[in-house]
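In what follows, every heavy atom counts, from backbone to side chain, and hydrogens, waters and symmetry copies are set aside. By convention here, the first residue in the shown sequence is residue 1.
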Amino acid sequence: MMKFPKLKILDQSQVEAIHSTSLRILAEVGLKFYSDTALKLFEDTGAGVDYKKKIVKISEDAVSETLRMAPKKITCHSRNPRHGFTLGNGKVYFTNGFGATRVLDPNSNEPRTATLRDLENFTLIADALEHVHWVIPHIIPQDIPKEVCDRYMALAILSNTSKHCTLIPFSSEGLTDILKMAKIVAGGEEEFRKRPTLIGSGCQPTSPLQYSLDASENLITLSRNMVLIDICVGPIAGATAPPTLAGTVAEGNAEFLAGLALCQAAKPGAPVIYGSMASIMDPRRGVFACGPELAVMNVCFKQMSDYYKLPFYGTGGVTGSPMPDLQSIYEGTLSNIVEALACVDVIHDGVYGILEVGMTANYEHFIVSHEIVSSIMRVIRGIEVNEKTLAFDLIKKAGPGRSFLELPEAVELLRKIMREEYWIPELTVRLGRKEWEERGAKNMGQRAIEKAEKILREHRPDPPLPQEARAKLEEIARQGHMKAARISS
C-alpha cells in the first residue's frame, strides 16, 4: 500500500460536476445498446427503453442502486494461488501490453506478422516477470483463422502462465468455449464457481455512447458467470468525444456507468472494474496520442472510480514510437509513474513491450519496460520509519567520520534489508566504462534481449498446466476449428 498521499488532479467539486454531467447524459441523452436482451434487462429494472431506436435512459436513482450492488473489492484468483491478489486495497498492479499484430524481429529490426508462437513466447515471459501481476493477450495471432483465433489464444495463455489472466472472445460461440476452457483449468464446474475470477475479460463501449451487440451480450454472459469484467472506456477527445478533456471524462464516465448497470441487471454483485484507455486525437495527424493527456485523464477517471468506491483499471506505459528508443521510454514512463502515484489499482499495458500504439510487439522494449516498472514499484512503496530503521544506535556507534562498513552489525543489517529497502536492478548498469567494456560493452537493448532469450530457454509456469487439462483445451480449440471450417464451406 502506498505510504504517501495519492496524486489528484480534480478537487471534490470537479468530481461532483463530472458525476452530475454524466447523470444528465444517462437520463437525457441515453446510450444505444444493440442487444434486445440488454434492452429487456434495462426495461425490467425500470429504465426508459426505446426499442426502435435502441436507446436506454437511466435515472439517477437507478445509477445509485447499480453502485450499491457492485462489489468494492475484488479478488483476482490465479492457477497458482501465490499469484492471486485483491483489488481495492490501495495497492498498484501491472499488466503486460495488449493486442499486437506484428513483431519487431530482434535480429533484423524489421516488423513481421505476429504468430501464435509469439503469443506463447510473450505470455511465458510475462509469467516470468515479477511485476507483471496480470497477464493479458500480448499478441493477436495472424496465422490462425479469425473464427477460432480466440480459442487458440486462450489455449496459449492458459498453457504458459499460472497467473491471473484475461481471455478475449471474438464471438458468442468463442466466449462459450473460453468459459469451458476456464472451467477445465479450474478443475471443473464446481471449482470454477468457487473462483470464477480465475480469468477476466474485457468489454468496451463504442464511443460515443454505444454498446455493440457482441459487447452487450458478452457483458451479460460474463456477469452471469461471475467472471471478472473490465469495462475499459476509450473516448478520444476531439474525435469520439468532445474536444475538452472534462467533457471526454464525463462522456466516458457515463459509458462506464451504463455498462455497469447492465452487468448488475444481469447478475447483482457481478465483479466489474472501472477502466479507461481514453486519450486525445493529435489534431495535426488525426491519430491516438500517447502524451501527458493520457495520464491526466486516467488520473481523473481514477478519481471517479474512487468516488464510486470501485477498483480502477487504467492504461499506462503506452508509446507511439515505431522503435524501442528514447521516445518509447519517456512516453511509457511518464504515464506509468503518474498513474502509480495516483494509486491506479491496475495499470493496464504498464509493462508494455509494444510499439506504435499497440501494433508491433518488441522483446527488447518488454524487458526494459519491466525494469522501469520495478523501479516505480520501489518508489511507491516508500520507506519504513520506526526505531529499528532510524538506526540511532548504529549512528551513535559509528560516530563522526567512521564508515558503517566497519561495523559488523551494520553490515549484517544491510544483508537483511537490502532487498526490502533497496532497488536491485537486473539490467541497469552501475559499472565504470572499463569494466563495462570488459563485459562486452552491451547496451540496454542487448542486455534486454539476452534476458528474454534466457527466460524462453529456462522458464516454465509453476505449476505447469496438467497434460490432461491441456489435451481437453486443445480438443475444444480443434472442435471450434472444425465447426468454423464446415460453416465456411
### Query
Parallel under 30°, tilted from 30 to 60°, perpendicular over 60°: which one fits the rings of Y313 and H348?
tilted
### Task
Could you tell me whether Y211 and Y34 have their ring centroids closer than 6.0 angstrom?
no
### Query
From N80 CG over to T161 OG1, what is the distance, rounded to the nearest 0.5 angstrom?
9.5 Å
### Query
Distance only, no hydrogens: is a donor on one side chain within 3.5 Å (strictly under) of an acceptor on the other, for S321 and E356?
no
### Task
Start with the C-alpha distance between D118 and R112, add both sets of side-chain angles, then the distance that settles salt bridge (Lys or Arg N to Asp or Glu O under 4.0 Å), and finish with yes or no.
CA-CA 11 Å; D118 290 314; R112 59 169 175 77; 2.8 Å; yes
### Message
For E217 and S35, which I'm curious about, is there any donor-acceptor pair between the side chains at under 3.5 Å?
### Response
yes
### Message
Which residue in the set L119, D150, T101 passes side-chain contact (heavy atoms from CB on, under 4.5 Å) when paired with I140?
### Response
T101
### Message
Is it true that T123 and N160 share a donor-acceptor pair across their side chains at a distance under 3.5 Å?
### Response
no
### Query
What pair of heavy atoms forms the shortest contact from C165 to L158, and how long is it?
SG-CD2, 3.9 Å
### Task
State whether E475 and R478 are salt-bridged, where the test is any N-O pair (Lys NZ or Arg NE/NH1/NH2 against Asp/Glu carboxylate O) under 4.0 Å.
yes
### Task
Calculate, to the nearest 0.5 Å, the distance between atoms CG and OG1 belonging to L257 and T66 respectively.
8.0 Å
### Basic-acidic side-chain contact under 4.0 Å: K183, E191
no
## Note on the structure
Closest non-hydrogen atoms of D230 and Q204, given as atom of the first, atom of the second and distance, are OD1-NE2, 3.5 Å
### Query
Should the pair F94 and H133 be assigned to parallel (<30°), tilted (30 to 60°) or perpendicular (>60°) ring geometry?
tilted
### Query
Measuring from N298:CG to E293:CD, what's the distance to the nearest 0.5 Å?
12.0 Å
### Task
Mind checking the CE-SG spacing from M226 to C263? Nearest 0.5 Å is all I need.
10.5 Å
### Message
Is there a side-chain contact (heavy atoms from CB on, under 4.5 Å) between I354 and N362? Walk through the geometry before answering.
### Response
CA-CA 6 Å; I354 305 181; N362 177 249; over 6 Å; no
### Query
Out of curiosity, L473 CG to I157 CD1, how far, rounded to the nearest 0.5 Å?
12.0 Å
### Query
Without hydrogens or angle criteria, can the side chains of D325 and Y330 be said to hold a donor-acceptor pair below 3.5 Å?
no
### Stepwise salt bridge (Lys or Arg N to Asp or Glu O under 4.0 Å) test for R460 and D127
CA-CA 8 Å; R460 295 296 178 268; D127 186 75; over 6 Å; no
#### Entry: Residue pair T319 / Y352: nearest heavy atoms and the distance that separates them
N-CE2, 3.6 Å
### Query
Of the non-hydrogen atoms in K6 and C343, which two are nearest, and what is the gap between them?
CD-CB, 3.2 Å
### Query
Is the shortest heavy-atom distance from the side chain of K267 to the side chain of I220 under 4.5 Å?
no
### Query
Salt-bridged, K40 to D36, with N to O below 4.0 Å?
no
### Query
Looking only at atom types and distance, does a side-chain atom of Q210 sit under 3.5 Å from a main-chain N or O of P205, one as donor and one as acceptor?
no
## Note on the structure
Heavy-atom closest pair (N225 atom, T221 atom, distance to 0.1 Å) is ND2-O, 2.9 Å
### Message
Does either side chain, that of E339 or that of S335, offer a donor lying less than 3.5 Å from an acceptor on the other one?
### Response
no
### Task
Please examine the side chains of H131 and N96, heavy atoms only from C-beta on, and report whether any two atoms are closer than 4.5 Å.
no
### Query
Ion pair present between D282 and R285, side-chain N to carboxylate O less than 4.0 angstrom?
no
### Message
Give me the atom names and distance for the closest heavy-atom approach of S78 to S162.
### Response
CB-O, 3.4 Å
## Note on the structure
Interatomic distance, CD1@I372 vs CD1@I329, rounded to 0.5 Å, equals 4.0 Å
### Query
Between R117 and D143, is there a salt bridge with N-O shorter than 4.0 Å?
no
### Task
For the residue pair F122 and F366, categorise the inter-ring angle as parallel (less than 30°), tilted (30 to 60°) or perpendicular (more than 60°).
tilted
### Task
Ignoring hydrogens and angles, state whether a donor on the side chain of E120 or S159 is under 3.5 Å from an acceptor on the partner side chain.
no
### Query
When you check the gap from the basic side-chain N to the acidic O, do K454 and E450 get nearer than 4.0 Å?
no
